[in-house]
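Here the structure is laid out as C-alpha cells; the discussion comes afterwards.
Protein chains get the first letters and strands the later ones, always in sequence-line order, with residue 1 at the start of each.
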Amino acid sequence: MVPVVVIVGPTATGKTHVALEIAGACRGEIINSDALQVYRGFDIGTAKPSSLERAGIRHHLVDILDPQEPYSAGQFARLARQAIEDIRSRDHLPIIVGGSGLYLRALLQGISPLPEIDPAVRRQLREDLERQGLERLYKELQKVDHLTAINLHSTDSQRVLRALEVLRSTGKPLSSWIREKPFGAHEMVSCQIGLTLPRSILYDRIAARVGAMKEQGWLTEVEQILASGVRLSDPAFQALGYRQLGSHLRGEISLDEALGETIQATRRFAKRQMTWFRKEQDITWFDALELRASVDEIMAFLLRQGYRSGNV
RNA sequence: AGGCCAGUAGCUCGAACUGGUAGAGCAUCGGUCUCCAAAACCGAGGGUUGGGGGUUCGAAUCCCUCCUGGCCUG
C-alpha cells in the first residue's frame, strides 16, 4: 500500500501553498495533477509555483510539455503512477495537488485502458464536424455505438467526437472499452484534503488573483508565447485567460474586457470544480480562509492519519 | 423654465402595425462527467413593466400626474 496525500479544491483556494508547507514538513515531493501547469511557458496565468517556491521541493509533472503537445487524463494517470514510484524509491511522501477532478479520478480509481488516438482521426473528425454538423455525427454514433449514444446529449460535441474517434481509431466502440477493467485503481491509499471558501470570498479572491497576474507581467508572457509561434488553437491555450489576453493583443478587445472575461471564466470553472468535488466521498474539507491556521489543522489531521515526517 | 426622448429580471435588450395578461442572451444557482476537462454539456429560479391615478372585460402598450436620467432651446 502506497500512501499518498491529495490536495483538491476549487482554484484560488491556496492548494499550492498548503502543498508546499506539507512537503516541507513531511519530506514530500509534489505531483501536479493540473492539466495546464504541464505546459512550458504558461506560468503566470496557470498560477504555477515560482522557481523560488519550487527550489527546495521536487516537483513532478510541471513544465513537461510544449504547448502544441496534447495531454489527457489517461496520460496523467500513467505519468503520475511512475512519479509516485519514483518518489517512493526515495522514501519521500507523494503529494498530489490539482483541481482537475477527472484527472484525479483516473489516477485514484483507474480508467479503461484505451490506446492513444491517432491524431489524423481526430483531425478528420473536426473537419467532419465543421462540414456535416454535430447532429449528423450524433446520428452516426447512434448507429455505430448505440450504448454510448443514449448516455450522451446530442449537443455534447466533445463527447460525441470522443466516442467516434475511439471507434474509428480502435475499431471498437467506447462502450465496450469501458467494460474492460480499468487500470490503476490499485494499491494506493490516499488521504484527500479539500480546501474550501465561501462562494463570495472565493469570487473576490479570483478577481484579486487575476489582477495580481496582470501585475506580474502576464500580458508580456502571452506576448512572448505568441511571438514564439504558439497558436491560439494549440492545447495549452485552453488555460483560462490566455485566449482573452491574446485577443486583446490583437486589438479585438480592451485589456479590461479581457481581464473581466477571464475572471468570469474562472468563476465558472471554480463552480464546476465545486460541483465535482462536493460529491466525492473521501475528502476531508478544511476552511481556507486563514491558510496558516488551515495548514496547522491539516498537519495535525495528517498526523492522526499516521503520516509523519520522513516516515510514510 | 419650456420642449423632446427614455425608464421593463442583477446587466444588455425584445414584446410591430392595431391594448389580449412579459421573453431572450449574459450573470446567479443546481446538476452531468471514462482520457482535449482550465473542456464539453443539461436544468432551475428570478419581473407589483419607475410611483400613483384614470379609460377598458382586459394596459408594458392609451390618457393624466409625479419622480429619475439624457438631449435640445433659453
Table of protein N/O atoms under 3.5 Å from nucleotides 10-13 of chain B N/O atoms:
none

Using atom C1' in both nucleotides, what's the gap between B/G54 and B/U12 to the nearest angstrom? 33 Å
Roughly, in whole Å, what's the span from CG in A/Leu129 to P in B/A40? 12 Å
Separation of the P atoms in B/C13 and B/G50, to the nearest angstrom: 15 Å
Does a side-chain heavy-atom distance below 4.5 Å link A/Asn32 with A/Val97? no
d(CZ, A/Arg268; P, B/C41) in whole Å: 12 Å
Not counting sequence neighbours, which residues clear side chain to side chain contact (heavy atoms under 4.5 Å, CB included) with A/Asn151? List them please. none
Using the P atoms only, state how far B/G25 lies from B/U32, rounded to an integer number of Å. 23 Å
Look at the side-chain N and O atoms of A/Arg267 and state whether any lies under 4.0 Å from the OP1 or OP2 oxygen of B/C26. no
Flag for A/His60-A/Glu29: side-chain donor and acceptor within less than 3.5 Å: yes
So, does A/Thr170 use its side chain to make a donor-acceptor pair with the main chain of A/Lys172 at under 3.5 Å? yes
Gap between atoms CG and P, on A/Leu107 and B/U34 respectively (whole Å): 17 Å
Length of the line joining A/Gln109:CD and B/C33:C1', which is rounded to integer Å: 12 Å
Are any of the side-chain heavy atoms of A/Val166 and A/Thr148 separated by less than 4.5 Å? no
Throw together a table of side-chain donor-acceptor distances under 3.5 angstrom for residues 281-289 of chain A, partners on residues two or more places apart or in other chains.
from: A/Gln281; atom 1: NE2; to: A/Lys279; atom 2: O; distance (Å): 3.1
from: A/Asp287; atom 1: OD1; to: A/Leu289; atom 2: N; distance (Å): 2.8

Please report, rounded to the nearest Å, how far the C1' atom of B/C33 is from the CZ atom of A/Arg105. 7 Å
Quick check on the 6.0 Å ring-centre criterion: do A/Tyr103 and A/Tyr71 meet it? yes
Report the distance from atom CD of A/Glu280 to atom P of B/C33, rounded to the nearest whole Å. 11 Å
With a 4.5 Å heavy-atom cut-off, do A/Ser176 and A/Arg179 have their side chains touching? yes
Residue pairs meeting salt bridge (charged side-chain N to carboxylate O under 4.0 Å, His left out), one or both in residues 117-127 of chain A, sequence neighbours left out, come to A/Arg122-A/Glu165, A/Glu127-A/Arg131
For A/Gln82 and A/Asp86, which I'm curious about, is there any donor-acceptor pair between the side chains at under 3.5 Å? no
For a quick test of reading the model: is some side-chain N or O of A/Arg278 closer than 4.0 Å to OP1 or OP2 of B/G31? yes
If you measure from the C1' atom in B/G47 to the same atom in B/U73, how many Å do you get, rounded? 38 Å
Gap between atoms OH and C1', on A/Tyr203 and B/U28 respectively (whole Å): 8 Å
Listed once per pair and sorted, the salt bridge (charged side-chain N to carboxylate O under 4.0 Å, His left out) pairs that draw on residues 62-74 of chain A, sequence neighbours left out: A/Arg40-A/Asp66, A/Lys48-A/Asp63, A/Arg54-A/Asp63
Using the P atom in both, what is the distance from B/C11 to B/U48, to the nearest Å? 12 Å
Output every pair passing salt bridge (charged side-chain N to carboxylate O under 4.0 Å, His left out) with a member in residues 259-274 of chain A, not counting sequence neighbours, ordered by first then second residue. none
Acceptor/donor pairs from residues 242-260 of chain A side chains to any protein atom, 3.5 angstrom cut, sequence neighbours excluded:
from: A/Tyr242; atom 1: OH; to: A/Gly45; atom 2: N; distance (Å): 3.0
from: A/Tyr242; atom 1: OH; to: A/Glu221; atom 2: OE2; distance (Å): 2.5
from: A/Arg243; atom 1: NE; to: A/Leu232; atom 2: O; distance (Å): 3.2
from: A/Arg243; atom 1: NH2; to: A/Leu232; atom 2: O; distance (Å): 3.1
from: A/Gln244; atom 1: OE1; to: A/Gly241; atom 2: N; distance (Å): 3.2
from: A/Ser247; atom 1: OG; to: A/Glu252; atom 2: OE1; distance (Å): 2.9
from: A/His248; atom 1: ND1; to: A/Ile253; atom 2: O; distance (Å): 2.9
from: A/His248; atom 1: ND1; to: A/Leu255; atom 2: N; distance (Å): 3.2
from: A/Arg250; atom 1: NE; to: A/Glu252; atom 2: OE2; distance (Å): 3.0
from: A/Arg250; atom 1: NH2; to: A/Glu252; atom 2: OE1; distance (Å): 3.2
from: A/Arg250; atom 1: NH2; to: A/Glu252; atom 2: OE2; distance (Å): 3.2
from: A/Ser254; atom 1: OG; to: A/Glu257; atom 2: N; distance (Å): 3.1
from: A/Ser254; atom 1: OG; to: A/Glu257; atom 2: OE1; distance (Å): 3.3
from: A/Glu257; atom 1: OE1; to: A/Ser254; atom 2: N; distance (Å): 2.8

Could you tell me how far B/A15 sits from B/G2 if I compare only their P atoms? Round to whole Å. 32 Å
Note every stem involving RNA chain B: at least three consecutive Watson-Crick or G-U wobble pairs, i with j then i+1 with j-1, with both distances under 3.5 Å. B:1-7 with B:67-73, B:10-13 with B:23-26, B:28-32 with B:40-44, B:50-54 with B:62-66
Using a heavy-atom cut-off of under 4.0 Å over every strand shown, decide if A/Gln264 touches base, sugar-phosphate, or nothing. sugar-phosphate
Under 3.5 Å donor-acceptor pairs involving side-chain atoms of residues 12-25 of chain A, not counting sequence neighbours:
from: A/Thr13; atom 1: OG1; to: A/Pro10; atom 2: O; distance (Å): 2.7
from: A/Lys15; atom 1: NZ; to: A/Gly9; atom 2: O; distance (Å): 3.1
from: A/Lys15; atom 1: NZ; to: A/Pro10; atom 2: O; distance (Å): 3.1

Protein-nucleotides 42-46 of chain B N/O pairs under 3.5 Å:
from: B/C42; atom 1: OP1; to: A/Thr155; atom 2: OG1; distance (Å): 3.2

Using atom NZ of A/Lys271 as one end and atom P of B/G31 as the other, report the distance to the nearest whole Å. 8 Å
Tell me the salt bridge (charged side-chain N to carboxylate O under 4.0 Å, His left out) pairs involving residues 201-213 of chain A, sequence neighbours left out? none
Pull out every protein N or O sitting under 3.5 Å from an N or O of nucleotides 36-38 of chain B, one pair per line with the distance.
from: B/C36; atom 1: OP2; to: A/Arg122; atom 2: NH2; distance (Å): 3.1
from: B/C36; atom 1: O2'; to: A/Gln158; atom 2: OE1; distance (Å): 3.2
from: B/C36; atom 1: O2; to: A/Arg126; atom 2: NH2; distance (Å): 3.3
from: B/C36; atom 1: N3; to: A/Arg126; atom 2: NH2; distance (Å): 2.8
from: B/A37; atom 1: OP2; to: A/Tyr103; atom 2: OH; distance (Å): 2.2
from: B/A37; atom 1: O2'; to: A/Ser100; atom 2: OG; distance (Å): 3.2
from: B/A38; atom 1: O2'; to: A/Gln238; atom 2: O; distance (Å): 2.6
from: B/A38; atom 1: N7; to: A/Asp34; atom 2: OD1; distance (Å): 3.3
from: B/A38; atom 1: N6; to: A/Asp34; atom 2: OD1; distance (Å): 3.2
from: B/A38; atom 1: N6; to: A/Asp34; atom 2: OD2; distance (Å): 3.3
from: B/A38; atom 1: N6; to: A/Thr46; atom 2: O; distance (Å): 3.3
from: B/A38; atom 1: N3; to: A/Leu240; atom 2: N; distance (Å): 3.2

Gap in Å between the two C1' atoms, one belonging to B/G31 and one to B/G45, rounded: 14 Å
What's the gap between B/G7 and B/G51 when it is taken at their P atoms, as a whole Å value? 13 Å
